[in-house]
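Worksheet: one structure, shown below.
In what follows, chains are A, B, ... by sequence order, proteins preceding strands, each numbered from 1.
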Amino acid sequence: MSEVLTKSTARNIFYGGSLFFFVIFVGLTAHSRHYILTKGTDNAGLTESVERGKRVWERNACFDCHTLHGEGARFAPEVGDVFRRWGGEKDPAGAHQMIKDWMKAQPSGAQGRRQMPQFNLTEAQLDDLADYLAWVSRTNTQGWPPRPKAN
Amino acid sequence: MSVTTSRLTRAFILLITLSLVLAVAADAHASAFWLVVVVLAAALKTRIVLARYLGLDAAPAALTGFFAVTFLVLALVAGSILVFPTPQQPLRAENHSSSQH
Amino acid sequence: MNAATTQTADAPAEWGPLSALPGHPLMWVLIASELAVFGLALLGYAGARAQNPLAFALEQDSLNRLAGVANTALLLTSGYFAARANQAAHAGDATRTRLWLAAASALGLGFLVVKGFEYAGEFAAGHDIDSSPFFTLYFLVTGFHALHVVLGLIILGIVGRLATKTAVETGTAFWHMVDLIWLVVFPVFYLMR
Amino acid sequence: MQYQTQNIAKTYWLGALLIFAVQVSFGLVGGLIYIAPNLLPVEYFPFNMVRMIHTNALIVWLLLGFFGAAYYLIPEESEREIWSPKLAYVQFAIFFLGGLSAVVGYLFHIYADNARSYLEQPVWIKLGIIVAALIFLLNISMTVLQGRKTAITNVLLLGLWGIAIFFLFSLYNPANTSEDKMFWWYVVHLWVEGTWELVMASVLAFLMLKITGVDREVIEKWLYIIIATALFSGILGTGHHYYWIGAPGYWQWIGSIFSSLEVVPFFGMMIFCFAMVWKGRRDHPNKAAMIWSLGCSVLAFFGAGVWGFLHTLHGINFYTHGTQVTAAHGHLAFYGAYVCLNLAIMTYAFPYLFNRAPYNQVLNIASFWITSAGVVFMTVSLTFAGALGTHLERVQGMSYMDAQDQIGLFYLLRFGGGVVTVLGALLFISSLLLMPRTKTVVTGAIPAAAE
């Protein structure tokens with residue numbers, strides 16, 4: 001049989017095809033990165049406080065209980081839109097305070113209720129975290145999560 | 001190679017002719033009739049490419065399989081257009097405004 | 001390959017049903033994958049259109065149909081040249097093979113130029129990949145197809161250098177697949193409404 | 001065992017089994033917290049720490065298993081000893097101690113300042129992992145380059161290089177959460193639905209080669225078809241993670257289309273394994289290894305393929321994203337594709353490594369059925385929890401915690417499945433450590449090294 005039917009050709013087609021898809025993927029990622037930094041998120045409003053808030057979120061592994069934009073663990077509620085759910089669009093200061101108060105009141109100790117630990121964050125860290133949650137609530141998530149009319 | 005040059009050339013001429021049919025259909029007013037013409041002409045073209053250009057004449061099972069896929073896609077899209085037709089009146093009215101830009 | 005090729009001959013029968021096809025069997029795995037991808041995309045198009053036929057029809061009307069017809073002719077002619085290259089390769093005529101492949105590639109390049117002008121016109125009219133469901137699908141599917149044309153040109157270049165029978169058969173199989181996909185994509189986006 | 005250095009695998013696999021036990025135990029603790037939230041004091045057992053150990057231990061032991069598999073099969077494939085056994089042990093020490101200290105550190109809440117899911121390791125441990133990976137790649141590449149090159153070693157090497165390269169993205173953590181998420185999936189998705197699949201396909205191909213005795217020709221062609229469909233669909237399939245994180249809307253189309261084709265390679269692997277066993281001329285004495293291999297292909301098809309497809313279309317994912325449906329898919333997919341794979345190659349190789357072939361496989365075979373039944377039961381429970389939770393919360397508009405209260409029964413069932421899984425896992429580990437010699441030699445069973 002001719003040379004071309006050999007496995008080295010199979011390998012080349014496999015490498016070539018995969019490379020083709022990977023190059024497209026990288027190109028689309030680059031475009032998406034641009035989109036995220038210009039349209040998808042409030043990148044202009046990404047203050048130092050928001051960034052510090054993200055590190056608080058990461059340092060305390062909040063995502064290992066909560067989801068954020070649907071990603072993370074499913075032990076505790078979604079927080080990508082918690083700022084909005086708690087009325088942050090109309091009363092930002094109120095929602096900000098609610099988040100801080102919530103964090104300070106944990107764990108609830110309520111029987112049969114999942115417990116959130118007390119993280120002993122400083123006042124500044126709590127402010128940063130609340131700013132971060134306000135910032136992520138402004139991300140364009142293509143309409144997610146679904147918001148059925150609550151009963 | 002089972003396909004001779006003259007068969008290949010005839011296939012090519014037929015393909016270009018069918019493309020002209022499609023071009024005429026494209027300018028004709030949208031209707032179920034022309035939709036069916038478009039689908040049949042396009043399907044015939046895919047079959048010619050599969051059989052002659054790709055040489056699947058020599059592998060009838062593959063020819064049937066690949067043709068079935070392309071025909072099915074065209075037929076399903078056309079079917080959904082027939083089930084969910086474009087509303088006629090507003091289309092004409094807005095056609096003029098949209099053709100201006 | 002070296003010592004690894006303890007296996008002496010790749011008998012075609014070992015690829016099962018794929019071995020009846022012209023060119024390298026793995027190329028047909030790629031071709032089948034591509035057909036599946038484009039098929040699913042076009043069915044997705046039908047689903048999206050069903051939710052708003054009017055908007056789709058209006059935006060379809062704004063496409064440049066003449067450019068689409070011209071591109072169809074370019075690809076079909078290019079495919080014809082590629083098929084002639086294949087014949088020349090089977091006859092063992094490397095020079096003619098390369099000439100036909102060069103002609104096929106030139107028309108493929110022409111396709112990209114026409115497509116480029118079309119895109120430029122659409123961007124100028126304010127359409128882009130985010131602007132509406134129709135244009136998202138249009139740019140995704142035709143853009144993905146255009147990238148296949150680019151890949152096809154690279155492949156034709158490679159097999160043109162080798163100019164062996166099976167290499168050309170494998171490379172032109174991919175090129176015809178690009179052609180074939182356009183024959184389905186073009187009527188769906190430009191004509192069927 | 002034909003090559004001395006295949007013994008390296010023994011060390012890696014014993015380490016892997018230890019961490020496997022840790023992983024399933026912490027899974028059980030996590031399941032317990034779901035059903036009895038006040039039982040364990042939250043200061044010492046916060047759920048996030050438990051989950052972190054569960055997932056990280058999983059990754060660490062699966063990787064140790066892959067390394068072991070590479071050290072075991074590459075000498076046989078390349079027909080020569082591992083380039084530097086010493087480096088292999090150095091690599092083991094770095095990787096195992098790094099992984100173990102990460103897990104122990106989590107107990108004391110020591111993790112990265114910029115932790116992300118699966119990537120909670122402190123930076124110095126991440127760097128250790130990279131150093132270990134570099135040593136490994138050097139060692140393996142040198143062995144392969146000097147020896148016989150086969151499709152199996154080629155694909156395995158490509159997969160292992162990919163694992164190392166994409167892990168580098170774990171070091172990049174931009175301030176913009178959406179951008180962060182996009183590149184986080186470069187590690188997570190391109191691992192489990194890209195490079196790991198290459199490792200899986202090549203190890204399965206090796207097992208089929210040895211167990212069934214089908215020609216290398218046939219097996220390697222299947223291998224190429226499977227990995228080609230895996231990467232052609234899997235790379236752009238990443239798009240199914242980009243639907244709702246702030247990325248452009250076109251990912252909904254790309255993700256839906258490409259990831260619905262991600263079923264194909266898993267289907268191919270299943271058909272491949274059964275076809276090879278069917279065609280196989282050899283009556284290999286290690287039935288347990290054959291059962292694990294076939295089980296791997298079937299459960300991977302259902303877990304990664306079918307359960308993945310269930311919620312990959314963007315219209316469905318809009319509702320199920322971020323619910324227990326994802327957890328259901330994750331459990332069966334990891335178990336079917338990667339846990340079973342590791343256990344299959346261990347089951348195949350241990351009798352040779354410990355010179356005990358043939359051995360009594362009853363315990364091992366029983367552990368396959370028990371563990372798999374446990375995981376499948378967990379998956380089904382979580383699927384119900386997810387589907388019902390989705391309906392209550394995302395369709396009817398009930399609040400998260402109220403909806404969770406309604407699905408408590410399924411968490412109880414999941415815990416039951418978890419208990420069975422842990423028992424099965426412990427049974428598996430003890431079956432390998434005890435490995436009793438069989439008293440009656442089965443007819444046709446030849447206690448010689450395969451091939």
What part of [X] is in contact with chain D, defined as an atom under 4.5 angstrom from a non-hydrogen atom: side chain, backbone, both or neither?
{"X": "A:Trp57", "answer": "neither"}
{"X": "A:Leu68", "answer": "both"}
{"X": "A:Tyr132", "answer": "side chain"}
{"X": "A:Val23", "answer": "neither"}
{"X": "A:Tyr35", "answer": "side chain"}

Could you tell me which of [options] has the largest number of non-hydrogen atom pairs under 4.5 Å with chain A?
{"options": "D:Thr238, D:Ile245, D:Asn173, D:Val155", "answer": "D:Asn173"}
{"options": "D:Thr177, D:Ile225, D:Leu190, D:Val50", "answer": "D:Thr177"}
{"options": "D:Pro248, D:Gly239, D:Gly408", "answer": "D:Pro248"}
{"options": "D:Lys181, D:His241, D:Gln252", "answer": "D:Lys181"}
{"options": "D:Asn176, D:Thr323, D:Leu231, D:Ile254", "answer": "D:Asn176"}
{"options": "D:Ile33, D:Asn48, D:Ile35", "answer": "D:Asn48"}

Below 4.5 Å from any heavy atom of chain A, which atoms of [X] appear? Answer side chain, backbone, both or neither.
{"X": "D:Asp405", "result": "side chain"}
{"X": "D:Glu43", "result": "neither"}
{"X": "D:Tyr44", "result": "neither"}
{"X": "D:Thr55", "result": "neither"}
{"X": "D:Leu39", "result": "neither"}
{"X": "D:Ala112", "result": "backbone"}
{"X": "D:Met52", "result": "both"}

Original post:
Below 6.0 angstrom between ring centroids: does that apply to D:Trp244 and D:Phe318?
Top reply: yes
Original post:
Is the centre of the D:His321 ring less than 6.0 Å from the centre of the A:Trp144 ring?
Top reply: yes
Subject >> Part of residues 102-124 of chain A lying next to chain D, heavy-atom separation under 4.5 Å >> reply: A:Pro107, A:Gly109, A:Ala110, A:Gln111, A:Gly112, A:Arg113, A:Arg114, A:Gln115, A:Met116, A:Pro117, A:Phe119
Original post:
Within residues 38-50 of chain A, which positions have a heavy-atom distance to chain D below 4.5 Å?
Top reply: A:Gly40, A:Thr41, A:Asn43, A:Leu46
Original post:
Salt-bridged, A:Lys100 to A:Asp127, with N to O below 4.0 Å?
Top reply: yes
Original post:
Are D:Arg51 and A:Phe75 in a cation-pi setup, meaning NZ or CZ lies under 6.0 angstrom from the ring centre and within 45 degrees of the ring axis?
Top reply: no
Subject >> More than 12 heavy atoms from other groups under 6.0 Å of CZ on A:Phe25 >> reply: yes
Check whether any side-chain heavy atom of [X] sits under 4.5 Å from a side-chain heavy atom of [Y], and report yes or no.
{"X": "D:Ser381", "Y": "D:Tyr411", "result": "no"}
{"X": "A:Glu78", "Y": "D:Tyr400", "result": "no"}
{"X": "A:Arg74", "Y": "A:Thr67", "result": "yes"}
{"X": "D:Leu223", "Y": "D:Lys221", "result": "no"}

**OP:** Apply side chain to side chain donor-acceptor pair (under 3.5 Å) to D:Trp185 and A:Glu71, showing your working.
**Re:** CA-CA 11 Å; D:Trp185 285 114; A:Glu71 291 175 357; 2.9 Å; yes
Subject >> Between A:Phe20, A:Phe63, A:Phe22, A:Tyr15, the one whose heavy-atom pairs under 4.5 Å with chain D are most numerous >> reply: A:Phe63
Original post:
Out of A:Ile24, A:Leu28, A:Thr139, A:Val136, which one racks up the most heavy-atom pairs below 4.5 Å with chain D?
Top reply: A:Leu28
**OP:** Return the set of residues passing salt bridge (Lys or Arg N to Asp or Glu O under 4.0 Å) with D:Asp180 (not counting sequence neighbours), or none when no residue passes.
**Re:** A:Lys54, D:Arg116
Original post:
Between the main-chain N or O of A:Cys62 and the side-chain N or O of A:His66, is there a donor-acceptor pair closer than 3.5 Å?
Top reply: no
Subject >> Backbone of D:Met398 reached by a side-chain donor or acceptor of D:Gln396 within 3.5 Å >> reply: no
**OP:** Give the C-alpha distance, both sets of side-chain angles, the deciding distance and a yes or no for side chain to side chain donor-acceptor pair (under 3.5 Å) between D:Asn56 and D:Tyr118.
**Re:** CA-CA 6 Å; D:Asn56 282 234; D:Tyr118 302 105; over 6 Å; no
Original post:
Under the side chain to side chain donor-acceptor pair (under 3.5 Å) criterion, do D:Gln406 and D:Asp402 qualify, and how do the steps go?
Top reply: CA-CA 7 Å; D:Gln406 299 290 313; D:Asp402 290 344; over 6 Å; no
**OP:** Not counting sequence neighbours, list each pair that qualifies as a side chain to side chain donor-acceptor pair (under 3.5 Å) and has a residue in residues 19-33 of chain A.
**Re:** A:Thr29-D:Tyr186, A:His31-D:Tyr250, A:Ser32-D:Tyr250, A:Ser32-D:Trp251, A:Arg33-D:Glu179
**OP:** Return the minimal non-hydrogen interatomic distance between A:Pro145 and D:Arg394, and the atom names on each side.
**Re:** CB-NE, 4.5 Å
**OP:** Check D:Ala151 against D:Glu220 and note the closest heavy-atom contact, atom names and distance.
**Re:** N-OE2, 3.2 Å
Original post:
Should A:Thr141 and A:His69 be marked as a side chain to side chain donor-acceptor pair (under 3.5 Å) after you check the CA-CA gap, both sets of side-chain angles, and the distance that decides it?
Top reply: CA-CA 7 Å; A:Thr141 54; A:His69 302 332; 5.6 Å; no
